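Let me begin by presenting the structure, written as structure tokens, before commenting on it.
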Amino acid sequence: MASSSLFQSLPFSLKTTKPYALPKPAANFVIRAQSPLTQNTNAASSASKHRRPADENIRDEARRINAPHDHHLFSAKYVPFNADPSSSTTESYSLDEIVYRSQSGGLLDVQHDMDALKRFDGEYWRNLFDSRVGKTTWPYGSGVWSKKEWVLPEIHDDDIVSAFEGNSNLFWAERFGKQFLGMNDLWVKHCGISHTGSFKDLGMTVLVSQVNRLRKMNRPVVGVGCASTGDTSAALSAYCASAAIPSIVFLPANKISLAQLVQPIANGAFVLSIDTDFDGCMQLIREVTAELPIYLANSLNSLRLEGQKTAAIEILQQFDWQVPDWVIVPGGNLGNIYAFYKGFKMCQELGLVDKIPRLVCAQAANADPLYLYFKSGWKEFKPVKSSTTFASAIQIGDPVSIDRAVHALKSCDGIVEEATEEELMDATAQADSTGMFICPHTGVALTALFKLRNSGLIKATDRTVVVSTAHGLKFTQSKIDYHSKDIKDMACRYANPPMQVKADFGSVMDVLKTYLQSKTH
Ligand SMILES: Cc1ncc(COP(=O)(O)O)c(C=O)c1O
Ligand SMILES: N[C@@H](CCOP(=O)(O)O)C(=O)O
């Protein structure tokens, strides 16, 4: 590549900054970062500090200002998942093809041109990503698209469908850590404090953006469909609605929360309530998408994981690029645990950090095929028939991403744990009592943490991140049942039911005095 064309197509313009030593156009050069203070990194900090003209929106502004960089420099394609790099197979597909499985029927993975990305050193990427946080520059105001070069480098900014998802709070669980675990470096990554209330937004912005692009290219995509335990369908229908793309969702009848059910209904999706479980819905959507021009939006589609992996990058960024010891992720269909691994691994390979954390995947005991596989010493995988769990979004017995999860866990010395219904509900209530308001799936992850602390594997001083995957407000019925002590065979040890009191001053004073006395001892 000629040096001048490289200069023009850098991910951010360096042209107006102090003298920059342009590298010789050698094949294997690495571009080192400038001081962040001298960077001209995006539209918000570009030459003009004036507000954009009143008749221009942020998409127009991006079209005018953002360099048409990454369309040329970086690229990605589908390849068979975990294919032997030394084998002679050259099977690969453009991301503009509609393909979910390899020729052999295995999973696919999005493979980035790592050589192109490696032309920029770790400091460069750290500075670039840091420079985009907290801005409204299209599309970098999103925590996903602020890493666009690593996600979907070739998509045009105009085609992106984003709600500025990501950049979620990394919450220091000070009281919970101290009170229940004797830990002072415990964090909860609140991926559920998001546009539709779960981490699915991170993947869905990528998938729906790509569909938007395909439709503009007149590819045969009439609608987008998924099977769901509630969160994927909520995210899919919201992103589709904002881009006027039809969405179709297959839901297991009576197995998702009311708050989740109402989301696709309100967003205008075509909602099918099917008398089966999630695995049954997944089977059906796979058959249907093979027959009809409906694009598959579940995480079997590896595009989704490109967005989800940015949560891992964000965690490192929020720790100022220091690596935590442990990251605990609740697992169901098992795409997310691999997405976290991939995000961390890319940061290591591209020199942003020098190691990756150990991952823990946490499952509900009522839907624990990965846990059983792990406990067998990875000998034999058997899908299970899942049973009802309060962690309803992970009630999945035959996860499509099993191979991805096993690869991720083996590569980082990972662990699988499980939680009974009582354990996960108690952990949820304990977390809530310290000011959080978490979903039951996060309760599953916290139970795993309790167990690993008790066994001594996770030490009191280990920096540990628990990934909270959905907003607690989606799961209020389970909290009401727990605090009403209305759950069969469950002690509900941390229940805090409201006190019924007569409407007179004396009665109110009596209960208040008793309460205050209990607090002063
Ligand atoms: C709230 C919540 N937590 C965790 C998961 C598990 O994620 P994954 O299916 O990627 O393992 C899901 C969906 O499956 C979910 O909706
Ligand atoms: N919890 C998921 C289950 C489907 O997972 P996906 O990541 O494969 O879409 C949901 O909310 O539907």
Side-chain angles (χ1 to χ4, degrees), residues 100 107 189-194 196-204 206-207 224-238 249-252 255-257 259-261 263-264 277-283 285-286 296-305 307-309 311 328-342 359-364 367-371 386 389-402 404-406 408-409 416 419 424 428 438-446 448 466-475 478:
Y100 315 117
L107 294 163
K189 176 68 172 162
H190 275 303
C191 294
I193 302 181
S194 181
T196 70
S198 87
F199 72 97
K200 305 286 179 177
D201 294 344
L202 304 175
M204 212 51 86
V206 176
L207 184 133
V224 192
C226 73
S228 183
T229 53
D231 291 323
T232 297
S233 46
L236 175 66
S237 49
V249 306
F250 288 12
L251 304 178
K255 290 190 175 61
I256 73 171
S257 78
Q260 289 173 313
L261 174 62
Q263 289 183 284
D277 57 10
F278 171 81
D279 299 302
C281 289
M282 189 70 223
Q283 179 59 34
I285 194 79
R286 281 165 70 164
L296 179 65
N298 284 101
S299 59
L300 174 64
N301 186 327
S302 45
L303 272 182
R304 279 260 314 277
L305 306 181
Q308 289 173 213
K309 82 182 178 198
I328 306 178
V329 186
N333 222 10
L334 299 181
N336 210 29
I337 187 78
Y338 175 68
F340 268 87
Y341 167 73
K342 190 171 183 185
L359 295 177
V360 179
C361 188
Q363 294 212 292
D368 63 351
L370 180 72
Y371 176 76
S386 67
T389 167
F390 283 107
S392 53
I394 54 175
Q395 194 192 321
I396 297 173
D398 191 7
V400 299
S401 283
I402 182 70
R404 291 176 176 140
V406 172
L409 291 162
V416 188
L424 75 90
T428 303
I438 60 166
C439 70
H441 321 85
T442 311
V444 172
L446 288 174
V466 171
V467 176
S468 179
T469 43
H471 203 296
L473 284 172
K474 285 189 169 196
F475 299 93
S478 64

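As the structure lists them, so they are numbered: ligands from 1, and atoms in each ligand from 1. Please read these numbers as outputs of a predicted model, since none were measured by experiment.
Looking only at side-chain heavy atoms (C-beta outward), N333 and M282 come within less than 4.5 Å of each other. F475 is listed as a side-chain neighbour of H441, based on a closest heavy-atom distance under 4.5 Å. Contact of the K200 side chain with the S233 side chain is not registered, since no non-hydrogen atoms from C-beta on lie closer than 4.5 Å.
Interface of S228 with ligand 2, defined as ligand atoms under 4.0 Å from a residue heavy atom, comprises 10 (C), 11 (O), 12 (O). Of all atoms in ligand 2, numbered sequentially from 1 with element shown, those under 4.0 Å from a heavy atom of D231 are 10 (C), 11 (O).
Contact shell of ligand 1 (protein heavy atoms, cutoff 4.0 Å): F199, K200, D231, P330, G331, G332, N333, L334, G335, N336, A393, I394, H441, T469, A470.
For A297, no nitrogen or oxygen atom sits less than 3.5 Å from a nitrogen or oxygen atom of ligand 2, counting backbone and side chain alike. Some N or O of N333 is nearer than 3.5 Å to an N or O of ligand 2, by distance alone. Backbone and side-chain nitrogen or oxygen atoms of S233 are examined, and none is located within less than 3.5 angstrom of a nitrogen or oxygen of ligand 2.
Residues satisfying the ring-ring contact (aromatic ring centres under 6.0 Å, His included) criterion with F278, sequence neighbours excluded, are absent altogether.
Heavy atoms of G332 come nearer than 4.0 angstrom to ligand 2 in no pair at all. The shortest separation from a heavy atom of K200 to ligand 2 is under 4.0 Å, placing the residue in contact. In this structure, G335 falls outside the shell of residues with a heavy atom less than 4.0 angstrom from ligand 2.
Among protein heavy atoms, atom 7 (O) of ligand 2 sits closest to R304 NH2, 2.7 Å. Protein heavy atom closest to atom 1 (N) of ligand 2, with residue, atom name and distance, is T229 OG1, 2.8 Å. The nearest heavy-atom contact from the protein to atom 8 (O) of ligand 2 is S299 OG, 2.6 Å. Atom 9 (O) of ligand 2 has as its closest protein heavy atom T232 OG1, 2.7 Å.
The heavy-atom pair separating A445 from I328 by the smallest distance is O-CG2, 3.6 Å. What you find for S198 and K474 is that their closest heavy atoms are CB-NZ, 4.2 Å.
Y338 places no side-chain N or O within donor-acceptor distance of the main-chain N or O of S401, the cut-off being under 3.5 Å. Side-chain atoms of R404 do not come within 3.5 Å of backbone N or O of L334 as any donor-acceptor pair. No donor-acceptor pair closer than 3.5 Å links the side chain of Q308 to the backbone N or O of A339. For N298 (side chain) and A227 (main-chain N/O), a donor-acceptor pair under 3.5 Å exists by modelled atom type. In this structure a side-chain-to-backbone donor-acceptor pair under 3.5 Å is present from D279 to D398.
When the options T232, T196, D231, T229 are evaluated for a side chain to side chain donor-acceptor pair (under 3.5 Å) with Q260, the one that passes is D231.
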